[in-house]
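These notes concern the structure reproduced below.
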Amino acid sequence: MNFEKLDPKPRADIPAKADPDRCPSHPGELIADLLEDTRHSKMAVAEMLGISRQQFHSVLAGRKPVTPDMAARLGKLFGNGPGLWLRMQANFDAWHAAREVDVSAIPTIQAA
């Protein structure tokens, strides 16, 4: 293969599409990835966040959600603000709700 002819720039005319059947990542997965790059222990990070080690492990494992309070703490710790963490949690929750909540008896109404 001739790599000189490959265009290294992403194509703006091809929109990125998420696979609707793939569950979005829980924010805990991203936290775990970021921790690998920081060389801080989970216990040390829990202390920095001002939360218990158990609470932190529950978020990392995806057993507990990232609450607005936790999002503010994570946003400050990683320097990216709470919005990223809240959006990740909302996407994760919405994906599960769309598959687990029975809405078959609820009609769809149209605004006049």
Side-chain angles (χ1 to χ4, degrees):
M1 177 179 266
N2 187 354
F3 291 103
E4 293 174 4
K5 292 184 179 183
L6 292 177
D7 186 4
K9 295 180 251 172
R11 301 235 352 232
D13 60 327
I14 302 174
K17 289 187 179 180
D19 181 357
D21 295 324
R22 183 184 172 278
C23 179
S25 297
H26 186 278
E29 292 179 43
L30 178 56
I31 298 167
D33 287 345
L34 292 172
L35 283 182
E36 290 179 13
D37 297 335
T38 66
R39 297 183 188 212
H40 288 82
S41 70
K42 293 172 186 172
M43 189 167 140
V45 172
E47 288 177 10
M48 287 184 237
L49 291 170
I51 61 173
S52 72
R53 189 186 65 214
Q54 292 83 2
Q55 183 180 359
F56 189 56
H57 280 276
S58 292
V59 171
L60 287 175
R63 291 188 306 268
K64 296 283 184 183
V66 170
T67 63
D69 176 84
M70 178 67 77
R73 293 169 189 265
L74 292 168
K76 172 65 170 109
L77 182 71
F78 293 114
N80 52 16
L84 168 75
W85 305 103
L86 291 172
R87 286 189 300 276
M88 283 188 75
Q89 187 66 53
N91 287 336
F92 181 83
D93 292 342
W95 189 89
H96 282 281
R99 284 153 181 77
E100 296 167 6
V101 177
D102 180 11
V103 295
S104 60
I106 300 173
T108 301
I109 58 174
Q110 301 291 324

Inset, instruction - Examine distances only and state if a side-chain atom of Gln89 and a backbone atom of Val66 form a donor-acceptor pair shorter than 3.5 Å. - result: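 Yes: the side chain of Gln89 pairs with the backbone of Val66.
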Applying salt bridge (Lys or Arg N to Asp or Glu O under 4.0 Å), which residue pairs with at least one partner in [range] are found, sequence neighbours left out?
range	result
residues 31-50	none
residues 80-99	none
residues 18-28	none

Inset, instruction - Mind running side chain to side chain contact (heavy atoms under 4.5 Å, CB included) on Ile31 and Val45 for me, showing each step along the way? - result: CA-CA 10 Å; Ile31 298 167; Val45 172; 5.7 Å; no
Legend entry - Residues that Asp102 engages under side-chain hydrogen bond (donor to acceptor under 3.5 Å, both in side chains), provided they are two or more places apart: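 Residues passing side-chain hydrogen bond (donor to acceptor under 3.5 Å, both in side chains) with Asp102: Ser104.
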Legend entry - Asp69: side-chain hydrogen bond (donor to acceptor under 3.5 Å, both in side chains) partners, not counting sequence neighbours: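 Partners of Asp69 by the side-chain hydrogen bond (donor to acceptor under 3.5 Å, both in side chains) criterion, ordered by chain and then number, come out as Arg73.
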Inset, instruction - Give the C-alpha distance, both sets of side-chain angles, the deciding distance and a yes or no for side chain to side chain contact (heavy atoms under 4.5 Å, CB included) between Gln110 and Thr108. - result: CA-CA 7 Å; Gln110 301 291 324; Thr108 301; 4.1 Å; yes
Legend entry - Side chain to side chain, Thr67 and Leu86, heavy atoms closer than 4.5 Å: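 No, every pair of side-chain atoms sits at 4.5 Å or beyond.
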Legend entry - ring-ring contact (aromatic ring centres under 6.0 Å, His included) pairs, two or more places apart, involving residues 81-112: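 Residue pairs with at least one partner in residues 81-112: His26-Phe92, Phe78-Trp85, Phe92-His96.
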Legend entry - Whichever hydrophobic residues join Val101 through chains of side-chain contacts under 4.5 Å: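 Noted: Val101 shares its cluster with Val103, Ile106.
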All N/O donor-acceptor pairs, side-chain side in residues 52-63, below 3.5 Å, sequence neighbours left out:
residue	atom	partner	partner atom	Å
Ser52	OG	Gln55	N	2.9
Ser58	OG	Gln54	O	3.1

Inset, instruction - State which residues pass side-chain contact (heavy atoms from CB on, under 4.5 Å) with Ala44; sequence neighbours excluded, sorted by chain then number. - result: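 Partners of Ala44 by the side-chain contact (heavy atoms from CB on, under 4.5 Å) criterion, ordered by chain and then number, come out as Ser41, Met48.
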